[in-house]
Undergrad: 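Can you read through this structure? Questions will come right after.
Lettering of chains follows the sequences in order, A, B, ..., and the numbering in each one begins at 1.
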There are 2 protein chains.
Amino acid sequence: MDLRQLRIACSSCSLRELCLPAGLEAREMARVDRLVNHRRKLRRGEHLYRAGNPLAVLYAIRSGFMKTCALHDDGREQVAGFHMMGDLLGLDAISSGRHMCDAVALEDSEVCEIPFAYLEQLSRELPSLQHQLHRIMSREIVRDYGVMLLLGTMKAEERLAAFLLNLSQRFAARGYSATEFNLRMTREEIGSYLGLKLETISRAFSRFQQDNLIEVRHKHVRIRDPERLRLLIGQQCP
Amino acid sequence: MDLRQLRIACSSCSLRELCLPAGLEAREMARVDRLVNHRRKLRRGEHLYRAGNPLAVLYAIRSGFMKTCALHDDGREQVAGFHMMGDLLGLDAISSGRHMCDAVALEDSEVCEIPFAYLEQLSRELPSLQHQLHRIMSREIVRDYGVMLLLGTMKAEERLAAFLLNLSQRFAARGYSATEFNLRMTREEIGSYLGLKLETISRAFSRFQQDNLIEVRHKHVRIRDPERLRLLIGQQCP
DNA sequence: TGAATGCTTTGATGTAGGTCAAAAGGGGTG
DNA sequence: CACCCCTTTTGACCTACATCAAAGCATTCA
C-alpha cells in the first residue's frame, strides 16, 4: 500500500464514524478503503456537479462546505441543502442516472469520490455497508421532510432559529463548537434555503441580536441562548 | 402454490412495472413473489403507521390513496406527500428504525407488506432489485426537492397548477385519465401540502375555473387546458 | 493604499395570502 | 328520509413578508 493509498483510506479518516463506513468492522472497512481511489479539490464557487451531469460517483465531503441547489426549468432555483464534512452528495442522481441539482462549494473543499457501481457491488457483499447506505438515503428523506415542515408551516424567525440550531447541532457532531461558528453562506443563500428574501434574514438576525439570543457580526455567529431559540420554534402564532 | 399465494404474487400484479419489482426478469420476479406474504386493508381515515412505530415492513400501495404527514414536536403537521398505487411507503423509517411520519388512508386502500430485513437480504442477491430500491429512494429525494422548490419559490396559483399537473401525470402513468379525476383529499390537505390555507386553495380553484383552465365540482376535476396550466407555472412575477 | 465590488443593514411602502365570519352544499348515518 | 356535521365557497379585513431604495461595511485586486 503506497502513501497515496494510505492518505485516502477511510479506515484512517477522522470522519469515518460520520460518513459512509460508519459502524463497519475493521475487515469490512478494509474493503471500503479500496472503494475510494480519488479525492477532488474544489475552489470556492466551483461546481462539484450540475443538473444533467451523468452519475458516475457519489461524493463524500472530506473538508469544506457546500450547497446543493434544486432548479426549475424556468431558471428559478432554491438551495436544497447545506453540506459539510461527512455528508454524502449525489444521491439525487441515482433515480435517473443524471444529477437533478447543482452542487457548489461555498469555500475551498475536498471530496472523496465513490464510484457508484462499485458501491452497489460492494454493498451486496457487506450487509452493514448496504444498511448504512440505506440509512443515509433514508436520513436525507427525513431531512427533506423537516425542510418541508419548515417551509410549509413556520414563520420567518422560526425558520431562522431552526436553521441556526440545525447548523449548531451539526457542527457539534463534528467536534466543533455548538455555540460559535462562521456562516459559509450569504444571507441570500440562507434566504433561498428558508424560502425568504435576504432582507428578511438580515432583519431576523438583527432582531435575534437585540433580544440577546445571538451575537452576529457579518459571518460570525455566537449563540447566546440556545434554549430560548429552541422555544421560539414552538411558537406558532395564536 | 396455493390460491392465496397466487393472489398476492408480484409477478401477476398489474402494477409490477410501476412498483418495486419494475424491470426484473421472470426468474428474479419469482423470488420477489416470496417477499410479499401479506396484504393489509385499510378503511378511509385509518393509519397505516404513525411516527414512532418501529420499522418492520415497507408498504407498496396496491389500491387506494394515502397521505404522509411530517410532524413537529409542537403538534404542527404538514402533508409531506400523496401516494397512490405502486408507490412505496415507509422509507423514512430506515434511518432510525422508527417511522418519522404518519401515513393515513384517504380512501379504502390495500397495501402489500414487504419485510424490510428480507428485502435487504434479497437485494443483496438480486442486483436489479437492489438497484430498483436505490432508484426508488433516490426518486423520493428528487420529489422532495421539487416540493421544496414549490414551497420556497412559487406563488399560490403556481403551486396549485403544479400540484394538479403532477396528479394528472401520475394518474396517466397508471392508465387513468390525465384530464379527469377525483381528488381524494380535502382542500385543507391540499393546502397543507402546498403550504397554503384551505381558503386560498378554494379561491385558486375558483379562479382556474373562471379562466377556463379547469372545471371543478367538489372533488371532481377536469383539466381543460393543461398547456396554459403548465405555462402558468413558469410565470414567476416580475 | 485606494478604488471597486459585493455583501449587509435599515427604512418606507406595497401586496399576496392569512384570518375571521357566514352561508351553502353534500354525504353519511340512524 | 331527514338530520347532522363536515367541507367548501365567498366576502371583508389584516399582517407578515416582499419590494424598492439607499447607505454603510468588508474584502479584493490593482
Undergrad: At what distance, to the nearest 0.5 angstrom, does CG of A:Leu232 lie from CG of A:Leu160?
TA: 9.5 Å

Undergrad: Looking at every heavy atom in both B:Arg170 and B:Arg174, which two are closest together, and how far apart are they?
TA: O-NH1, 3.0 Å

Undergrad: Find the distance B:Phe205:CZ to D:dT7:C1' and express it as a whole number of Å.
TA: 13 Å

Undergrad: Measure the distance from CD on A:Glu157 to P on D:dA16 and round it to the nearest whole Å.
TA: 10 Å

Undergrad: Measure the distance from CD on A:Glu199 to P on D:dA22 and round it to the nearest whole Å.
TA: 14 Å

Undergrad: In whole Å, what is the span from the CZ atom of A:Arg203 to the C1' atom of D:dA18?
TA: 9 Å

Undergrad: Let's go through A:Leu58 and A:Leu55 carefully: what are the C-alpha distance in whole Å and the side-chain angles of both, what is the deciding distance for side chain to side chain contact (heavy atoms under 4.5 Å, CB included) to 0.1 Å, and is it a yes or a no?
TA: CA-CA 8 Å; A:Leu58 299 180; A:Leu55 167 67; 4.0 Å; yes

Undergrad: Can a side chain N or O of A:Ser202 be found less than 4.0 Å away from OP1 or OP2 on C:dT8?
TA: no

Undergrad: Which nucleotide, C:dG18, D:dC17, C:dT9, lies nearest any side-chain atom of A:Thr200?
TA: D:dC17

Undergrad: Could you verify whether a donor N or O on one side chain and an acceptor N or O on the other, from B:His83 and B:Thr68, lie under 3.5 Å apart?
TA: yes

Undergrad: Return the 5'-most residue of the pair B:Met185, A:Ala156 with respect to DNA chain D, ranking by each residue's nearest nucleotide.
TA: B:Met185

Undergrad: Taking all atoms of both residues into account, what is the closest heavy-atom pair of B:Leu71 and B:Ala51, and its distance?
TA: CD1-CB, 3.4 Å

Undergrad: Does C:dT8 have OP1 or OP2 sitting under 4.0 Å from an N or O in the side chain of A:Lys219?
TA: yes

Undergrad: How many whole angstroms separate atom CD1 of A:Ile201 from atom C1' of C:dC7?
TA: 14 Å

Undergrad: Could you state the atom-to-atom distance from NZ of A:Lys197 to C1' of C:dT15 in whole Å?
TA: 14 Å

Undergrad: Give the minimum heavy-atom separation between B:Met154 and B:Arg159, together with the two atoms involved.
TA: O-NE, 2.8 Å

Undergrad: How many Å lie between CG on B:Leu196 and C1' on C:dT19, as a whole number?
TA: 14 Å

Undergrad: Between the protein and nucleotides 26-30 of chain D, are there any N/O to N/O pairs under 3.5 Å, and if so, what are the atom names and distances?
TA:
residue: D:dA26; atom: OP1; partner: A:Arg217; partner atom: NH2; Å: 2.6
residue: D:dA26; atom: OP1; partner: A:His218; partner atom: NE2; Å: 3.4
residue: D:dA26; atom: O5'; partner: A:His218; partner atom: NE2; Å: 3.4

Undergrad: Could you tell me how far apart A:Leu160 (CG) and D:dC17 (P) are, to the nearest whole angstrom?
TA: 12 Å

Undergrad: Would you classify A:Gly191 as touching base, sugar-phosphate or nothing, given that sugar-phosphate means primed atoms plus P, OP1 and OP2, and contacts are heavy atoms under 4.0 Å?
TA: nothing

Undergrad: Just by modelled atom types, is the A:Leu48 backbone N or O under 3.5 Å from a matching donor or acceptor in the A:Arg40 side chain?
TA: yes

Undergrad: Kindly assign one of parallel, tilted or perpendicular to the pair B:Tyr176 and B:Phe171, based on the angle between their ring planes and the thresholds 30° and 60°.
TA: perpendicular

Undergrad: Would you check, one step at a time, whether the test side chain to side chain contact (heavy atoms under 4.5 Å, CB included) holds for B:Glu180 with B:His220?
TA: CA-CA 8 Å; B:Glu180 207 164 349; B:His220 185 264; 3.2 Å; yes

Undergrad: May I ask you to evaluate whether A:Arg187 reaches the phosphate of C:dT8, defined as a side-chain N or O under 4.0 Å from OP1 or OP2?
TA: yes

Undergrad: Just report the end-to-end axis angle for the helix from C:dT1-D:dA30 to C:dG30-D:dC1, five pairs per end, to 10 degrees.
TA: 50°

